[in-house]
Amino acid sequence: LYKLGWAYYQQQDYKQAAEQFNKQSRLFPDSPLSIEATFMQAECSMKTAAYADSFAAYEKAKIKLEKSADAGTLHPQISHLIYLHGAQAARELKKWNIVDSWLAEMLKRYPESTYKPFVLYEQAYSAQ
């Protein structure tokens, strides 16, 4: 399901990709790829500008990430992007307090992230 989701994602069929990632998350909630599948659902929604759906999926991914014992096996880039892209989805919804809290949490957890310049930009944009 995960690889099928990625195949659809690479073909830019984001609806089908999201369905596969959702199915994977639903059928295998305790799998090591569960966090990533939820993250990819959010990414698919971002690609189609469905920001409310996207933010809801990022929120689920963030909760899974923070509660999971498997989070250490997740690629660091995905951990960072859950916070950054989640904040960007919140920005599109004009949820400024959420933007600020997610970005602050990301900097606290990952102070040396390669995405730090993007975080600083998003913080400035949100403050403006």
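Rounded to the nearest 0.5 Å, atoms CG (Leu65) and CD1 (Ile82) are 5.0 Å apart. Between atom CG of residue Leu27 and atom CG of residue Asn22 there is a gap of 9.0 Å, rounded to the nearest 0.5 Å.
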Return all side-chain donor-acceptor pairs below 3.5 angstrom for residues 119-128, not counting sequence neighbours, or 'none' if the list is empty.
{"from": "Glu122", "atom 1": "OE1", "to": "Arg91", "atom 2": "NE", "distance (Å)": "2.6"}
{"from": "Glu122", "atom 1": "OE2", "to": "Gln88", "atom 2": "NE2", "distance (Å)": "3.1"}
{"from": "Glu122", "atom 1": "OE2", "to": "Arg91", "atom 2": "NH2", "distance (Å)": "3.1"}
{"from": "Ser126", "atom 1": "OG", "to": "Asp100", "atom 2": "OD1", "distance (Å)": "2.9"}

Tabulate below the donor-acceptor pairs under 3.5 Å that side-chain atoms of residues 39-50 make, not counting sequence neighbours, or state none.
{"from": "Gln41", "atom 1": "NE2", "to": "Phe21", "atom 2": "O", "distance (Å)": "3.4"}
{"from": "Gln41", "atom 1": "NE2", "to": "Ser25", "atom 2": "OG", "distance (Å)": "3.4"}
{"from": "Glu43", "atom 1": "OE1", "to": "His85", "atom 2": "ND1", "distance (Å)": "3.4"}
{"from": "Glu43", "atom 1": "OE2", "to": "Tyr58", "atom 2": "OH", "distance (Å)": "2.3"}
{"from": "Glu43", "atom 1": "OE2", "to": "His85", "atom 2": "ND1", "distance (Å)": "2.7"}
{"from": "Ser45", "atom 1": "OG", "to": "Gln41", "atom 2": "O", "distance (Å)": "3.4"}
{"from": "Thr48", "atom 1": "OG1", "to": "Ser45", "atom 2": "O", "distance (Å)": "3.1"}

Sequence neighbours left out, cut at 3.5 Å: what donor-acceptor pairs do the side chains of residues 4-15 make with other protein atoms?
{"from": "Trp6", "atom 1": "NE1", "to": "Tyr2", "atom 2": "OH", "distance (Å)": "3.0"}
{"from": "Asp13", "atom 1": "OD1", "to": "Gln16", "atom 2": "N", "distance (Å)": "3.2"}

Only distances under 3.5 Å count here; give the side-chain donor-acceptor pairs of residues 107-115 to other protein atoms, sequence neighbours excluded, each with its distance to 0.1 Å.
{"from": "Arg109", "atom 1": "NE", "to": "Tyr83", "atom 2": "OH", "distance (Å)": "2.9"}
{"from": "Arg109", "atom 1": "NE", "to": "Glu105", "atom 2": "OE2", "distance (Å)": "2.7"}
{"from": "Ser113", "atom 1": "OG", "to": "His80", "atom 2": "ND1", "distance (Å)": "2.8"}
{"from": "Ser113", "atom 1": "OG", "to": "Tyr115", "atom 2": "N", "distance (Å)": "3.0"}
{"from": "Tyr115", "atom 1": "OH", "to": "Gln77", "atom 2": "NE2", "distance (Å)": "2.7"}

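Hydrophobic clustering places Leu81 together with Tyr51 (ILVMFWY residues linked when any side-chain heavy atoms are closer than 4.5 Å, directly or through intermediates). Both Leu93 and Trp102 are members of a single hydrophobic cluster when ILVMFWY side chains are connected at heavy-atom separations under 4.5 Å.
When the side-chain hydrogen bond (donor to acceptor under 3.5 Å, both in side chains) test is applied to Lys62, the partners found at least two apart in sequence or on another chain are Glu66. Checked against salt bridge (charged side-chain N to carboxylate O under 4.0 Å, His left out), Lys95 has no partners two or more places apart in sequence or in another chain.
A donor-acceptor pair under 3.5 Å is formed between the side chain of Ser101 and the backbone N or O of Ile98. Ser34 contributes no side-chain N or O that, together with a main-chain N or O of Ser31, makes up a donor-acceptor pair within less than 3.5 Å.
For the 3.5 Å distance criterion, the side chains of Thr38 and Lys64 qualify, holding a donor opposite an acceptor.
Nearest heavy atoms, Leu74 versus Ser79: CD2-OG, 3.6 Å. The minimum heavy-atom distance between Ile35 and Ala61, with the atom names listed, is CG2-O, 4.1 Å. Nearest heavy atoms, Lys23 versus Leu1: CD-CD2, 3.6 Å.
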